[in-house]
Trainee: 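One structure, pasted below without further comment.
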Amino acid sequence: MSNCSRWRHEAGPNGEATVVPLDRTVKDLVADLVPEAARKGIDLGFQLIEPIATRGEPMMVATMIRNLLDNAVRFTPQGGRVDIGVYRAGNEAVVQIEDTGPGIPSGDIDRIFEPFFRGSRPAEDGIGLGLSIVKRIVDRLGGIIVLENISDRAPKGLRATVRLPAMYRIDA
């Protein structure tokens, strides 16, 4: 059975999704990317991290976050920054990733979540599925994702903000 099929059917007891600690998940994924970021001289770290959780399938949530982090590290130039925030905003669990990469060309931003769309800069590795997978996962989790170019500071970059329904963490 493929991972996608397993994701559609896998749930906790009584058919409920599992509580996924976003802060721990993001910390683990960032730790995995530190060597790659270090090779590129990228300052990869947290601006804010709070104990927060959401409901979902842990592998789906990790895939969503990994794709966003991978893109941020891949597109950030040598010596750049990738800043991560994990926090609560009202009833939402927020994962925000800001980088100092080139951003997304304005003509591509409306289509960036389409499968196989690689935009006007298709020279990078990949076939254009990463962000469409992220969007499908966010939708399935009942959340929203916004990608926006950062132009109000130097250096410019991209901000990816994922908002998911929050769960209170008992072990926080």
Trainee: Let me confirm one number: the CG-CZ distance from N67 to R74, rounded to the nearest 0.5 Å.
Mentor: 8.5 Å
Trainee: In this structure, would L33 and L131 fall into the same cluster of hydrophobic residues linked by side-chain contacts under 4.5 Å?
Mentor: yes
Trainee: If I compare all heavy atoms of A93 with all of A53, which pair ends up nearest, and what's the gap?
Mentor: CB-O, 4.0 Å
Trainee: With a 4.5 Å heavy-atom cut-off, do V61 and M64 have their side chains touching?
Mentor: yes
Trainee: Grab the two heavy atoms, one from I42 and one from P77, that are nearest each other, plus how far apart they are.
Mentor: CG1-O, 3.9 Å
Trainee: So do the side chains of D99 and N71 get within less than 4.5 Å of each other, counting heavy atoms only?
Mentor: no
Trainee: Which distance, rounded to the nearest 0.5 Å, do you find between the CD1 of I52 and the OG1 of T25?
Mentor: 12.0 Å
Trainee: Indicate if L29 and V94 have the same hydrophobic cluster label, given that clusters are the connected sets of ILVMFWY residues with side-chain heavy-atom separations under 4.5 angstrom.
Mentor: no
Trainee: Under 4.5 Å between any side-chain heavy atoms of K156 and N149, yes or no?
Mentor: no
Trainee: Within a strict 4.5 Å, meaning less than it, do heavy atoms of the I84 and L44 side chains meet?
Mentor: yes
Trainee: Is there side-chain contact between L22 and I65, with heavy atoms separated by less than 4.5 Å?
Mentor: yes
Trainee: Keeping K40 on the side-chain end and V73 on the backbone end, is there a donor-acceptor pair under 3.5 Å?
Mentor: yes
Trainee: Would you check if V19 and R55 make a side-chain contact, meaning some heavy-atom pair closer than 4.5 Å?
Mentor: yes
Trainee: Same cluster for I150 and V82 if Ile/Leu/Val/Met/Phe/Trp/Tyr side chains link at under 4.5 Å?
Mentor: no
Trainee: Is I144 reachable from L147 through a run of hydrophobic residues whose side-chain heavy atoms are each under 4.5 Å from the next?
Mentor: no
Trainee: Closest approach of T54 and P165, non-hydrogen atoms and distance?
Mentor: OG1-O, 2.6 Å
Trainee: What are the two closest non-hydrogen atoms of G56 and L141, and how far apart are they?
Mentor: CA-CD2, 3.6 Å
Trainee: Could you tell me if the side chain of F75 sits less than 4.5 Å from the side chain of L158, heavy atoms only?
Mentor: no
Trainee: Between R88 and N91, which heavy-atom pair has the shortest distance, and what is it?
Mentor: NH1-CA, 4.2 Å
Trainee: Distance from D83 atom CG to Q47 atom CD, nearest 0.5 Å?
Mentor: 4.0 Å
Trainee: So, E57 side chain and M59 main chain: donor-acceptor pair closer than 3.5 Å or not?
Mentor: yes
Trainee: Are L69 and L48 co-members of a hydrophobic cluster defined by side-chain heavy atoms under 4.5 Å apart?
Mentor: no
Trainee: Taking the side chain as every heavy atom from C-beta outward, state whether L68 and I145 have any pair of such atoms under 4.5 Å apart.
Mentor: yes
Trainee: Salt bridge or not between D28 and R24? Use side-chain N to carboxylate O under 4.0 Å.
Mentor: no
Trainee: What are the two closest heavy atoms between A89 and R163, and how far apart are they?
Mentor: CB-NH1, 3.8 Å
